[in-house]
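Naming convention: chains lettered A, B, ... in sequence-line order (proteins, then strands); numbering from 1 in each chain.
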Amino acid sequence: MAFLRKVLAIVWKDVTAELRTKDIFSAMAVFALLATVIFQYAFDLRAENLRLVLPGVVWTTVTFSGVLGLSRSFILEQDRGLLEGLLLAPMDRSAIYFGKLIGNLLFITAVELLLLPALSILFDVWLLTPPILLFVALGTLGFAAVGTLFSAVSINTRAREVMLPILLFPVMVPVLIAGVRGISGLLDGEPLTDLLQWVRLLLAYDVVFTTTAFLLFDYVVEE
Amino acid sequence: MITVERLTKAFGRTVVLRDVSLHVPAGETLVLFGPNGAGKTTLVRIIAGLSRPTAGSVTLGGVDVRRAGEGLRRYVGVVSHNPLVYESLTGEENLRFFGRLYEVPNLAARVDEVLDQVGLRPRRRDLVRTYSRGMVQRLAIARAILHDPPILLLDEPDTGLDQQAADMLRRLLVDLGSDRRAVLFTTHNLDRGIEWADRVAILSGGRLRFEAPTAGLSPAQMREAYAEAVAAANRKA
């Protein structure tokens with residue numbers, strides 16, 4: 001319980017600070033909406049190919065806008081020397097990881113709550129269905145789990161803002177494949193029961209990478 | 001309370017601390033002087049458990065920092081030149097946040113008490129970004145002593161403070177019980193250090209080159225010892 005209270009304290013701190021500064025959310029949200037509009041014009045879509053490209057548009061936008069937020073979540077702590085304050089506290093350092101992970105999930109989810117209706121309107125395909133939201137939620141969890149770990153890794157590198165996508169995107173391939181295949185199938189009218197292999201892949205990815213990040217985080221933040 | 005024995009720290013081939021030994025018992029303030037790059041901050045970071053030594057040991061209250069679990073961090077309070085407080089939270093929110101991480105009992109009452117002690121109660125609900133440098137440093141001290149640690153590590157906490165704010169910092173440390181804690185304080189200001197310390201030491205070129213009680217030590221003698229320590233380090237380099 002003490003561990004959970006500390007995780008929630010970190011989440012509360014990040015959310016309260018973000019509500020006041022809007023450092024992370026505003027950058028992610030503006031990027032996501034601009035990308036949506038650009039994709040809409042760039043593809044100059046005709047009705048028959050909407051379903052072909054829309055899943056890719058969803059995941060590309062979530063990934064790129066998410067990286068903006070993930071890269072800032074530890075950089076803001078590091079630049080102001082605040083990470084030390086967290087590392088000095090008497091707690092398992094994985095509490096920092098889970099606190100940051102939950103915060104990142106909240107920020108990315110908030111952006112998705114803007115993005116999916118916007119895409120639905122611009123592309124005239126309703127994306128806010130429970131099966132599609134299931135794929136988006138599972139993919140977002142895996143993305144945030146790996147991204148939060150790599151965000152901590154990249155803060156001590158020289159080209160840290162470039163380093164995060166370089167580290168993250170190759171590891172994200174299974175999420176992108178499963179996410180795109182799942183949403184494509186649903187848009188093509190396949191029932192969720194025919195797409196369960198992609199749900200299982202996303203679940204396995206989430207469990208494996210959240211556990212791995214939990215085990216590695218202490219080494220990542222140690223000098 | 002703080003015992004450092006034959007401590008060496010190297011980053012790759014660069015040796016930052018060489019064979020450093022010192023002891024700070026409870027109730028004593030040791031002020032550590034040294035030029036930039038002497039290794040003061042590295043030493044403080046190792047004692048605080050933020051960095052691992054290459055060789056040697058650090059024990060706090062008889063417990064080896066490397067072997068101790070996270071619980072040992074509860075016995076240490078750190079004030080550094082980075083205030084370790086969040087600008088976008090209020091002073092009170094900062095203390096409540098860190099109080100939760102340190103599992104401070106009766107947190108609301110303790111936060112009120114500490115805010116009173118550092119004189120920030122009237123500004124408790126203001127964002128830290130609106131505080132002056134002196135106020136931020138007072139809040140940093142409040143954060144460091146919130147869990148009432150028996151060991152205080154202060155790494156150049158007077159950096160950027162004017163004389164009046166530095167005097168207030170001194171008064172705060174006395175009022176907040178530096179006479180019952182083991183306090184290790186690093187600073188560049190020789191006069192201030194002598195005035196505040198029970199004992200002084202000089203770290204230069206990664207080695208501890210001078211250590212003496214302040215009783216009977218004049219500022220002129222201290223300056224001479226400092227110049228000799230720096231010159232000795234330069235000769236070695």
SB check [X] [Y] (cutoff 4.0 Å):
X: A/R20; Y: B/E87; value: no
X: B/E93; Y: A/K13; value: no
X: B/E103; Y: A/K6; value: yes

Under a 4.5 Å heavy-atom cut-off, does chain B meet the side chain of [X], its backbone, both or neither?
X: A/D23; value: neither
X: A/E77; value: side chain
X: A/A17; value: both

Could you check whether B/R96 makes a cation-pi contact with A/W12, meaning its NZ or CZ is under 6.0 Å from the centre of the six-membered ring and within 45° of the ring axis?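 The answer is no, since B/R96 fails at least one limit relative to A/W12.
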Can you tell me if B/R133 has over 12 outside heavy atoms packed within less than 6.0 Å of its CZ?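 Count over threshold, so yes.
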More than 12 heavy atoms of other groups within 6.0 Å of A/F31 CZ: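 Above 12, so yes.
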Spatial distance of atom OG (B/S88) from atom CG (A/L19) [nearest 0.5 Å]: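 Answer for the OG-CG pair, B/S88 versus A/L19, is 10.0 Å.
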Gap between atom CZ of B/F97 and atom OG1 of A/T16 - 0.5 Å precision: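 Going from the OG1 atom of A/T16 to the CZ atom of B/F97 covers 10.0 Å.
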Residue, of A/G81, A/A89, A/G85, A/A95, that accumulates the most heavy atom pairs under 4.5 Å with chain B: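 Top count of heavy-atom pairs under 4.5 Å with chain B: A/A89.
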Please look at [X] and chain A and tell me whether the side chain, the backbone, both or neither of the residue comes under 4.5 angstrom of a heavy atom of that chain.
X: B/R129; value: side chain
X: B/F98; value: side chain
X: B/V85; value: backbone
X: B/L72; value: neither

B/L101 vs A/L88, side chain to side chain contact (heavy atoms under 4.5 Å, CB included): CA-CA, chis, key distance, verdict: CA-CA 10 Å; B/L101 298 188; A/L88 284 166; over 6 Å; no
Only pairs of heavy atoms separated by less than 4.5 Å count here; which of B/L84, B/N94, B/L127, B/N82 has the most with chain A?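 When all of B/L84, B/N94, B/L127, B/N82 are compared, B/L84 has the most.
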Without swapping roles, check the side chain of A/R5 against the backbone of B/R100 for a donor-acceptor pair under 3.5 Å.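 Such a contact is absent between A/R5 side chain and B/R100 backbone.
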